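A short write-up of the structure that comes next.
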Amino acid sequence: DTAVSQTPKYLVTQMGNDKSIKCEQNLGHDTMYWYKQDSKKFLKIMFSYNNKELIINETVPNRFSPKSPDKAHLNLHINSLELGDSAVYFCASSQVLDRVGVLTFGAGSRLTVL
Amino acid sequence: GDSVTQMEGPVTLSEEAFLTINCTYTATGYPSLFWYVQYPGEGLQLLLKATKADDKGSNKGFEATYRKETTSFHLEKGSVQVSDSAVYFCALSDRTGSARQLTFGSGTQLTVLP
């Protein structure tokens, strides 16, 4: 039973299209995140939601819009895709009361923009 | 802001060799420190953690000690196996408002040859 699941695992699309990546966690965690991993494996946080409320919003183009319908789900919608959006996007979750800060990651969604 | 500097890879070792991957950090508070591992095609998994100075985290034969005086958290393993081939990320966790945020190093690719 997967703790943090993302769909789709692979996404290939044309420039200018709009796409979404979905994430669900069954750990009962309060906080969810989106991270972007570039081709050099560098990981950068994009967003974080705590119990459906946006709490971290890094410098990300406003073409990226996260949506959290409930605390178990955090989806990422991307408008007008650009070549530079090609990356692996990781969803993660944690317990906000966890003072240590351990995150559980999904397997990633590889987005390729042609 | 917080940052993590990690030894650049790639690192290639023969099976049973000794491994060290260096990691140093900059943080204003008292962060928790982590090593995450990413196997090919998978998401990140927590390998080990340490929450305060002089703590030693250990798992699967890997160890790292939280050194406040040198702001370091170097990863070591006495005898690597082919199955240890992966990308290793050093990270620190600190608070951003009501949430914990992980800041990652750039990752070190390890390849172990039989």
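Below, all heavy atoms of this structure are taken into account, side chains as well, without hydrogens, waters or symmetry copies. Labels below follow one simple rule: chain letters A, B, ... track the order of the sequence lines, proteins then strands, and each chain is numbered from 1. Keep in mind the model is a prediction, meaning the values are calculated, not measured.
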- [ ] Check whether B:L44 gets within reach of chain A through its side chain, its backbone, both or neither, counting any heavy atom under 4.5 Å.
- [x] both
- [ ] Tell me, for B:Q45 versus chain A, whether the close heavy atoms (under 4.5 Å) come from the side chain, the backbone, both or neither.
- [x] neither
Open item on the list: Can you classify the ring geometry of A:F105 versus A:Y35 as parallel (below 30°), tilted (30 to 60°) or perpendicular (above 60°)?
Closed with: tilted
Task: Aromatic ring pairing B:Y88/B:F62, orientation class (parallel under 30°, perpendicular over 60°, tilted between) - done: tilted
- [ ] Search all heavy atoms of B:F18 against all heavy atoms of B:E76 and return the closest pair with its distance.
- [x] CZ-CD, 3.9 Å
Open item on the list: Please give me the minimum heavy-atom distance between B:L102 and B:S93, naming the atom from each residue.
Closed with: CD2-CB, 3.7 Å
Open item on the list: Between A:Q6 and chain B, with a heavy-atom cut-off of 4.5 Å, which part of the residue counts as in contact: side chain, backbone, both or neither?
Closed with: neither
Open item on the list: Under 4.5 Å from any heavy atom of chain B, what part of A:K9 do you find: side chain, backbone, both or neither?
Closed with: side chain
